[in-house]
Amino acid sequence: MSDEAVSSEHSSGAESEKGGLIGRQSDAIPGRFGDPMEISHVVYSQGGGKARPTRPMFLCLHGWGSNEQDLAGMMRYVAPGNDYVSLRAPLVLQAEGPGEFGSGSGAYSWFHDGVPTGEDLDRDIFAAAVAVDKWVAGHIDPERELVPIGFSQGAALAIHLLRVHPERYRAVAALSGFVAPGQVPGTAPADDRLDDMEKPVFYGYGDRDNVLPKYEIYGATAWLEEHTWLTVKHYHQLDHAVSPAEFVDLTQWLLLNNISSGVV
């Protein structure tokens with residue numbers, strides 16, 4: 001047998017052992033789509049995330065090229081009366097270190113590409129969701145209600161946590177996010193039981209989004225409409241970003257769903 005054939009056989013065996021959850025090599029970030037991940041850096045709100053234990057806690061998930069400080073700063077506008085923990089994505093775009101204008105905080109990604117699609121997305125988003133869910137199980141009181149909130153990649157991941165372990169998460173806020181197609185078996189294992197749970201989801205996006213194609217946005221809203229108790233808001237002249245108007249709508253949604261206290 002040739003070296004090439006041996007290599008091919010070994011690769012096929014590894015793929016089979018992983019159940020098809022490890023995919024091709026990425027051209028953007030070193031590694032393969034679906035490689036296992038681990039959460040190693042987080043930041044908590046005041047009191048170590050235990051200042052307001054009777055209210056749901058937010059699980060903040062940043063977007064591509066950002067870090068755990070990003071959504072942490074946003075929380076004082078949308079839910080100042082709640083605790084949060086903000087997680088750093090495991091894949092490094094720019095390591096933390098000395099830098100000007102905040103660049104020293106580093107830049108990270110949840111996926112091996114900015115906006116992966118198809119089977120690449122299925123594999124990466126499942127690996128990221130498993131890593132987050134595992135971190136939650138090891139660090140957050142199981143009785144504490146959790147609400148994932150994310151932007152872009154983080155929004156996609158927040159949604160996918162419902163497709164992996166919906167019983168653990170009270171609701172989801174997804175800002176400018178997208179949804180995995182679920183083509184790879186085993187990457188969305190809770191889909192068959194999610195529909196009946198009517199999990200509240202807030203989905204907001206800009207009508208001038210310059211990162212997500214319209215079909216990705218419309219596909220996300222259609223999937224969420226079918227599988228969750230969806231509130232969707234779109235914002236005129238907003239690109240791939242958040243806005244004060246979105247913060248107002250999100251704050252109202254949190255209040256209506258008894259997630260935040262409404263106290264500013």
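Basis for what follows: all heavy atoms, side chains included, without hydrogens, waters or symmetry-related copies. Bear in mind the structure is a predicted one, so any value in this text is a computation, not a measurement.
A distance of 5.5 Å separates CD of Q183 from CD of E119, quoted to the nearest 0.5 Å. Between atom OG of residue S243 and atom OH of residue Y235 there is a gap of 6.0 Å, rounded to the nearest 0.5 Å. If you take NE2 on H160 and CG on D133, they are separated by 11.0 Å, rounding to the nearest 0.5 Å. Note that the CZ atom of F111 and the OG atom of S152 stand 8.5 Å from one another [nearest 0.5 Å]. Considering CG of D209 and CG of L238, their distance stands at 8.0 Å, rounded to 0.5 Å. With values rounded to the nearest 0.5 angstrom, Q252 atom CD is found 8.5 Å from D249 atom CG.
The two residues A79 and S260 have their closest heavy-atom pair at CB-CB, 4.3 Å. Considering every non-hydrogen atom in both A28 and D113, the closest pair reads CB-OD1, 3.9 Å. V172 and I159 get closest at one heavy-atom pair: CG1-N, 4.1 Å. S176 and A155 get closest at one heavy-atom pair: C-CB, 4.4 Å. The shortest non-hydrogen separation linking Q46 to A51 is O-CB, 3.5 Å. Residues D122 and A180 share a closest heavy-atom pair of OD1-CB, 3.4 Å.
At least one side-chain heavy atom of L161 sits under 4.5 Å from a side-chain heavy atom of V132. Taking 4.5 Å as the limit, some side-chain heavy atom of F126 sits within range of a side-chain heavy atom of P189. For the pair S45 and F58, the minimum side-chain heavy-atom distance is 4.5 Å or more. Side-chain atoms of M37 and D124, non-hydrogen and from C-beta on, do get closer than 4.5 Å to each other. Looking only at side-chain heavy atoms (C-beta outward), Y203 and T228 stay at 4.5 Å or farther from each other. Here the side chains of Y108 and Q153 are not in contact, with every heavy-atom distance at 4.5 Å or above. Counting only heavy atoms from C-beta outward, the side chains of V179 and T221 never approach each other to under 4.5 Å. The shortest distance between side-chain heavy atoms of F178 and I125 does not fall below 4.5 Å.
Using a 4.5 Å cut-off between side-chain heavy atoms of Ile, Leu, Val, Met, Phe, Trp and Tyr, with links allowed through other members, V164 and L157 fall into different hydrophobic clusters. Each of F33 and I22 belongs to its own hydrophobic cluster when Ile, Leu, Val, Met, Phe, Trp and Tyr are linked at side-chain heavy-atom distances under 4.5 angstrom. Follow the hydrophobic side-chain contacts under 4.5 Å out from L254 and you never reach Y169; the two are in separate clusters. Residue L61 is not grouped with residue I149 when hydrophobic side chains (ILVMFWY) are merged at heavy-atom distances under 4.5 angstrom, including chains of intermediate members. The same ILVMFWY cluster, assembled from side-chain heavy atoms under 4.5 Å apart, contains both V242 and Y84.
No hydrogens or angles considered: nothing links the side chains of D207 and H234 as a donor-acceptor pair under 3.5 Å. Defined by atom type and a distance below 3.5 Å, a donor-acceptor pair is missing between the side-chain atoms of H62 and S86. Donor-acceptor pairing under 3.5 Å is lacking for the side chains of H240 and N210.
Counting non-hydrogen atoms of neighbouring residues, nucleotides and ligands closer than 6.0 angstrom, the CD atom of E38 reaches no more than 12 such neighbours. By the neighbour-count criterion of 12 heavy atoms within 6.0 Å, atom CD of E198 is sparsely surrounded, having that number or fewer from other residues, nucleotides or ligands.
Side-chain N or O atoms of R88 include none that pairs as donor or acceptor with a backbone N or O of H41 at under 3.5 Å.
Salt-bridge formation is not detected for the pair D35/R123: no Lys NZ or Arg NE/NH1/NH2 atom is positioned less than 4.0 Å from an Asp or Glu carboxylate oxygen. In summary, R163 and D191 engage in a salt bridge, as defined by a charged side-chain N under 4.0 Å from a carboxylate O. With respect to the salt-bridge test (charged N to carboxylate O, under 4.0 angstrom), the residues R24 and D120 qualify. Using a 4.0 Å cut-off between charged nitrogen and carboxylate oxygen, R55 and E145 do not count as a salt-bridge pair.
Test C60, P56, P200 against V147 for side chain to side chain contact (heavy atoms under 4.5 Å, CB included) and you get one pass: P56. Each of E226, E225, H227 was checked for a side-chain hydrogen bond (donor to acceptor under 3.5 Å, both in side chains) with W223, and the lone residue meeting it is H227.
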Apply the test side chain to side chain contact (heavy atoms under 4.5 Å, CB included) to residues L146 and R170: give CA-CA distance (whole Å), side-chain angles for both, the deciding distance (0.1 Å), then the verdict.
CA-CA 6 Å; L146 278 178; R170 161 78 179 276; over 6 Å; no
List the steps and the verdict of side-chain hydrogen bond (donor to acceptor under 3.5 Å, both in side chains) for Y205 and D239.
CA-CA 8 Å; Y205 67 93; D239 58 14; over 6 Å; no
Would you sort out whether L91 and W110 count as a side chain to side chain contact (heavy atoms under 4.5 Å, CB included), showing the intermediate values?
CA-CA 6 Å; L91 302 178; W110 294 103; over 6 Å; no
Working note: N82 + M75, criterion side chain to side chain contact (heavy atoms under 4.5 Å, CB included); need CA distance, chi angles, decisive distance, verdict.
CA-CA 8 Å; N82 292 66; M75 296 312 297; 6.0 Å; no
Walk me through it: do V136 and R168 pass the test side chain to side chain contact (heavy atoms under 4.5 Å, CB included)?
CA-CA 9 Å; V136 165; R168 183 63 186 92; 3.8 Å; yes
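Ring geometry, F202 versus W253: the interplanar angle falls from 30° to 60°, so the pair is classed tilted.
Not less than 6.0 angstrom separates the ring centroid of Y44 from the ring centroid of H139.
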